[in-house]
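Counting convention: from 1, in listed order, for ligands and their atoms alike. None of these values were measured; they are calculated from a predicted model.
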Amino acid sequence: MSRVYLIGFMGSGKTTVGKQLARKMRWSFVDTDNIIEKELGITVQEVFDQLGEEWFREYEQKVLTKTTSFQNTIIATGGGTPCFYNNMDTIINNGLCIYLRMPPKEIVSRISQSQKIRPLVYNLTGIKLEKYVEKTLVERETVYLKAHLIADALNPNLIHTLEQQIKRYFGTIK
Ligand code: S3P
(Lines give C-alpha, C1' and ligand atoms only; values in the text may rest on other atoms or scores of the structure.)
Protein backbone atom coordinates (compact mmCIF):
# COMPACT_ATOMS: atom_id res chain seq x y z
CA MET A 1 0.00 0.00 0.00
CA SER A 2 2.13 2.82 -1.30
CA ARG A 3 -0.04 5.65 -0.09
CA VAL A 4 0.59 8.47 2.36
CA TYR A 5 -2.31 10.38 3.89
CA LEU A 6 -1.60 13.83 5.29
CA ILE A 7 -4.10 14.90 7.90
CA GLY A 8 -4.33 17.99 10.08
CA PHE A 9 -6.22 21.17 10.76
CA MET A 10 -7.02 23.76 8.10
CA GLY A 11 -3.92 25.84 7.43
CA SER A 12 -1.44 23.26 8.72
CA GLY A 13 0.20 22.94 5.30
CA LYS A 14 -1.11 19.57 4.05
CA THR A 15 -1.27 20.66 0.42
CA THR A 16 2.03 22.54 0.36
CA VAL A 17 3.91 19.80 2.19
CA GLY A 18 2.22 17.09 0.12
CA LYS A 19 3.23 18.69 -3.18
CA GLN A 20 6.84 19.15 -2.07
CA LEU A 21 7.08 15.59 -0.76
CA ALA A 22 5.56 14.11 -3.90
CA ARG A 23 7.99 16.05 -6.10
CA LYS A 24 10.95 14.88 -4.00
CA MET A 25 9.84 11.25 -3.96
CA ARG A 26 8.58 11.21 -7.56
CA TRP A 27 5.17 10.14 -6.40
CA SER A 28 1.81 11.56 -7.49
CA PHE A 29 -0.02 14.12 -5.42
CA VAL A 30 -3.74 14.58 -4.91
CA ASP A 31 -5.78 16.82 -2.65
CA THR A 32 -9.25 15.51 -1.80
CA ASP A 33 -10.81 19.02 -1.85
CA ASN A 34 -9.37 19.48 -5.31
CA ILE A 35 -10.83 16.20 -6.55
CA ILE A 36 -14.24 17.25 -5.20
CA GLU A 37 -14.01 20.64 -6.93
CA LYS A 38 -12.92 19.11 -10.24
CA GLU A 39 -15.59 16.42 -10.21
CA LEU A 40 -18.41 18.80 -9.29
CA GLY A 41 -17.18 21.85 -11.20
CA ILE A 42 -17.84 24.11 -8.20
CA THR A 43 -15.72 25.22 -5.23
CA VAL A 44 -15.89 23.66 -1.76
CA GLN A 45 -17.37 26.96 -0.58
CA GLU A 46 -20.14 26.63 -3.19
CA VAL A 47 -20.79 23.03 -2.17
CA PHE A 48 -21.28 24.16 1.43
CA ASP A 49 -23.51 27.09 0.35
CA GLN A 50 -25.62 25.25 -2.21
CA LEU A 51 -25.77 21.68 -0.89
CA GLY A 52 -24.79 21.97 2.77
CA GLU A 53 -22.06 20.50 4.95
CA GLU A 54 -23.72 17.08 5.32
CA TRP A 55 -23.83 16.63 1.55
CA PHE A 56 -20.19 17.71 1.35
CA ARG A 57 -19.18 15.16 4.02
CA GLU A 58 -20.89 12.32 2.15
CA TYR A 59 -19.19 13.25 -1.10
CA GLU A 60 -15.86 13.66 0.72
CA GLN A 61 -16.20 10.11 2.08
CA LYS A 62 -16.76 8.76 -1.45
CA VAL A 63 -13.70 10.59 -2.74
CA LEU A 64 -11.60 9.29 0.17
CA THR A 65 -12.70 5.73 -0.63
CA LYS A 66 -11.57 6.19 -4.23
CA THR A 67 -8.09 7.21 -3.11
CA THR A 68 -7.56 3.80 -1.50
CA SER A 69 -6.73 2.36 -4.93
CA PHE A 70 -4.15 5.04 -5.82
CA GLN A 71 -0.51 3.90 -5.98
CA ASN A 72 2.62 5.82 -5.02
CA THR A 73 0.53 8.80 -4.07
CA ILE A 74 0.62 11.47 -1.39
CA ILE A 75 -2.96 12.33 -0.47
CA ALA A 76 -3.74 15.63 1.28
CA THR A 77 -7.11 15.41 3.00
CA GLY A 78 -9.44 18.18 4.15
CA GLY A 79 -9.10 19.23 7.79
CA GLY A 80 -12.38 17.54 8.68
CA THR A 81 -11.98 14.40 6.57
CA PRO A 82 -10.67 12.01 9.27
CA CYS A 83 -13.31 13.19 11.75
CA PHE A 84 -16.44 12.00 9.92
CA TYR A 85 -17.95 8.52 9.53
CA ASN A 86 -15.31 5.79 9.60
CA ASN A 87 -12.90 7.88 7.50
CA MET A 88 -10.01 7.64 9.98
CA ASP A 89 -10.19 3.82 9.84
CA THR A 90 -10.19 4.00 6.04
CA ILE A 91 -7.08 6.20 6.15
CA ILE A 92 -5.22 4.13 8.75
CA ASN A 93 -5.96 0.84 6.97
CA ASN A 94 -4.97 1.99 3.51
CA GLY A 95 -1.80 4.00 3.89
CA LEU A 96 0.72 5.65 6.13
CA CYS A 97 -1.14 8.36 8.01
CA ILE A 98 0.84 11.45 9.01
CA TYR A 99 -0.63 14.14 11.24
CA LEU A 100 0.87 17.57 10.55
CA ARG A 101 0.63 19.06 14.01
CA MET A 102 0.69 22.83 14.42
CA PRO A 103 0.03 25.04 17.47
CA PRO A 104 -3.36 26.82 17.37
CA LYS A 105 -1.77 30.31 17.33
CA GLU A 106 0.15 29.48 14.16
CA ILE A 107 -2.95 27.95 12.58
CA VAL A 108 -4.91 31.14 13.28
CA SER A 109 -2.18 33.28 11.80
CA ARG A 110 -2.00 31.15 8.64
CA ILE A 111 -5.77 30.95 8.16
CA SER A 112 -5.99 34.75 8.56
CA GLN A 113 -3.35 35.34 5.89
CA SER A 114 -4.48 32.62 3.48
CA GLN A 115 -6.21 33.40 0.18
CA LYS A 116 -8.16 30.13 0.35
CA ILE A 117 -11.84 30.55 1.17
CA ARG A 118 -12.74 28.15 3.97
CA PRO A 119 -16.48 27.88 4.60
CA LEU A 120 -16.16 26.94 8.28
CA VAL A 121 -14.11 30.03 9.18
CA TYR A 122 -14.66 32.62 6.45
CA ASN A 123 -16.83 34.84 8.66
CA LEU A 124 -14.60 34.53 11.74
CA THR A 125 -11.85 36.95 12.72
CA GLY A 126 -9.89 37.94 15.84
CA ILE A 127 -10.87 36.35 19.13
CA LYS A 128 -13.78 34.43 17.54
CA LEU A 129 -11.42 32.71 15.11
CA GLU A 130 -8.95 31.96 17.93
CA LYS A 131 -11.67 30.40 20.08
CA TYR A 132 -13.02 28.35 17.16
CA VAL A 133 -9.58 26.98 16.29
CA GLU A 134 -8.69 26.17 19.90
CA LYS A 135 -11.99 24.37 20.57
CA THR A 136 -12.20 22.50 17.28
CA LEU A 137 -8.54 21.47 17.42
CA VAL A 138 -9.04 19.89 20.86
CA GLU A 139 -12.05 17.95 19.51
CA ARG A 140 -10.35 16.89 16.31
CA GLU A 141 -7.09 15.87 17.96
CA THR A 142 -8.91 12.94 19.56
CA VAL A 143 -8.95 11.60 16.00
CA TYR A 144 -5.79 13.16 14.50
CA LEU A 145 -3.60 11.66 17.23
CA LYS A 146 -4.44 8.16 16.04
CA ALA A 147 -2.15 8.77 13.04
CA HIS A 148 0.82 6.46 12.51
CA LEU A 149 3.19 9.42 12.65
CA ILE A 150 2.88 12.82 14.27
CA ALA A 151 5.01 15.45 12.56
CA ASP A 152 5.90 18.91 13.82
CA ALA A 153 4.56 21.03 10.97
CA LEU A 154 6.96 23.84 11.93
CA ASN A 155 10.10 21.69 11.66
CA PRO A 156 12.37 23.58 9.23
CA ASN A 157 13.59 20.20 7.96
CA LEU A 158 10.08 18.80 7.60
CA ILE A 159 10.21 17.54 4.01
CA HIS A 160 13.51 15.73 4.45
CA THR A 161 12.43 14.24 7.80
CA LEU A 162 9.15 13.01 6.36
CA GLU A 163 10.80 11.57 3.26
CA GLN A 164 13.14 9.52 5.47
CA GLN A 165 10.27 8.35 7.66
CA ILE A 166 8.14 7.37 4.67
CA LYS A 167 10.99 5.45 3.04
CA ARG A 168 11.71 3.66 6.30
CA TYR A 169 8.03 2.79 6.70
CA PHE A 170 7.75 1.35 3.20
CA GLY A 171 11.04 -0.46 3.59
CA THR A 172 12.93 1.44 0.90
CA ILE A 173 15.72 2.32 3.35
CA LYS A 174 16.73 0.84 6.70
C1 S3P B 1 -12.57 21.64 6.24
C2 S3P B 1 -11.32 21.88 5.72
C3 S3P B 1 -11.12 22.28 4.32
C4 S3P B 1 -12.27 21.77 3.45
C5 S3P B 1 -13.58 22.20 4.01
C6 S3P B 1 -13.81 21.68 5.42
C7 S3P B 1 -12.68 21.26 7.68
O8 S3P B 1 -9.88 21.76 3.84
O9 S3P B 1 -12.23 20.37 3.32
O10 S3P B 1 -13.60 23.60 3.98
O11 S3P B 1 -13.71 20.69 8.08
O12 S3P B 1 -11.70 21.50 8.42
P13 S3P B 1 -8.42 22.33 4.30
O14 S3P B 1 -8.05 21.64 5.57
O15 S3P B 1 -7.52 21.94 3.17
O16 S3P B 1 -8.55 23.80 4.45
Side-chain angles (χ1 to χ4, degrees), residues 3-22 28-68 70 73-91 95 97-125 128-147 149-154 158-159 162:
R3 250 159 267 119
V4 170
Y5 287 92
L6 296 179
I7 67 166
F9 210 83
M10 292 173 257
S12 59
K14 301 174 296 272
T15 304
T16 310
V17 169
K19 279 184 184 165
Q20 289 177 14
L21 256 181
S28 305
F29 170 78
V30 295
D31 175 318
T32 53
D33 278 346
N34 236 319
I35 298 177
I36 293 170
E37 293 188 334
K38 273 198 196 137
E39 287 188 1
L40 296 173
I42 54 176
T43 63
V44 166
Q45 170 80 39
E46 287 165 338
V47 180
F48 270 69
D49 285 348
Q50 296 170 21
L51 301 157
E53 180 172 354
E54 210 178 313
W55 195 97
F56 172 81
R57 296 300 174 194
E58 283 175 22
Y59 202 87
E60 180 180 55
Q61 185 189 32
K62 287 190 196 125
V63 168
L64 178 69
T65 306
K66 276 192 225 168
T67 65
T68 61
F70 296 178
T73 305
I74 310 277
I75 299 146
T77 59
T81 314
C83 308
F84 288 83
Y85 313 115
N86 60 343
N87 291 352
M88 190 57 172
D89 290 336
T90 304
I91 291 172
C97 175
I98 302 174
Y99 169 32
L100 292 186
R101 194 176 202 187
M102 187 177 272
K105 277 213 163 65
E106 188 64 31
I107 291 175
V108 169
S109 149
R110 293 192 183 205
I111 289 178
S112 310
Q113 287 166 37
S114 164
Q115 303 292 325
K116 186 173 171 181
I117 299 171
R118 294 183 162 98
L120 294 177
V121 291
Y122 81 110
N123 58 352
L124 299 179
T125 52
K128 282 191 180 162
L129 178 62
E130 280 172 36
K131 292 267 171 251
Y132 174 85
V133 171
E134 276 166 21
K135 178 174 171 285
T136 314
L137 184 60
V138 168
E139 289 164 7
R140 289 187 170 180
E141 276 211 329
T142 59
V143 178
Y144 292 159
L145 290 169
K146 293 179 184 158
L149 290 176
I150 295 161
D152 171 8
L154 299 179
L158 182 62
I159 302 301
L162 287 179

Ligand 1 to Asp33, heavy atom cutoff 4.0 Å, flagged ligand atoms 3 (C), 4 (C), 8 (O), 9 (O), 13 (P), 15 (O)

Short version for Asp31: what comes under 4.0 Å of ligand 1, heavy atoms counted, is neither

So is Phe48 polar-close to ligand 1, meaning N/O to N/O under 3.5 Å?
-> no

Ligand 1 atoms nearer than 4.0 angstrom to some heavy atom of Val44 are 5 (C), 10 (O)

Short version for Arg140: what comes under 4.0 Å of ligand 1, heavy atoms counted, is side chain

When rounded to the nearest 0.5 Å, the distance separating OH of Tyr122 from CG of Leu129 is 14.0 Å

Residues Ile98 and Ala151: closest non-hydrogen pair is CG2-CB, 4.0 Å

Check: What about Gly79: any of its N or O atoms under 3.5 Å from an N or O on ligand 1?
Finding: yes

the protein heavy atom lying closest to atom 10 (O) of ligand 1 turns out to be Pro119 CD, 3.4 Å

#### Entry: SB check Glu60 Arg57 (cutoff 4.0 Å)
yes

So CE of Met102 and CG of Leu137: to nearest 0.5 Å the spacing works out to 11.0 Å

Quick note on ligand 1: atoms under 4.0 Å from a heavy atom of Arg57 include exactly 6 (C), 7 (C), 11 (O)

The answer for which part of Met10 has a heavy atom under 4.0 Å from ligand 1 is both

among protein heavy atoms, the one nearest atom 7 (C) of ligand 1 is Gly80 N, 3.3 Å

side-chain contact (heavy atoms from CB on, under 4.5 Å) with Tyr5: of Thr68, Thr81, Asn87, Thr32, only one passes, and it is Thr68

Q. Based purely on interatomic distance, does Lys116 place a nitrogen or oxygen under 3.5 Å from a nitrogen or oxygen of ligand 1?
A. yes

Quick note on ligand 1: atoms under 4.0 Å from a heavy atom of Leu120 include exactly 7 (C), 11 (O)

Do ligand 1 and Thr77 have nitrogen or oxygen atoms that lie under 3.5 Å from each other? no

Next on the checklist: One thing to verify: whether Lys14 and Asp33 come together as a salt bridge, which I'm taking to mean a side-chain N less than 4.0 angstrom from a carboxylate O.
Outcome noted: no

When every non-hydrogen atom of Arg140 is compared with those of Met10, the smallest separation belongs to NH1-CE, 4.5 Å

- [ ] Measure from the side-chain N and O atoms of Thr136 to the backbone N and O of Tyr132, and report whether any donor-acceptor pair falls under 3.5 Å.
- [x] yes

Within 4.0 Å of some non-hydrogen atom of Arg118, the atoms of ligand 1 are 16 (O)

Relative to the ring of Tyr144, is the ring of Phe9 parallel (under 30°), tilted (30 to 60°) or perpendicular (over 60°)?
-> perpendicular

Note: Glu39-Lys62 ion pair, threshold 4.0 Å (strictly below):
no

Contact region, Gln45 to ligand 1, non-hydrogen atoms below 4.0 Å, reads neither

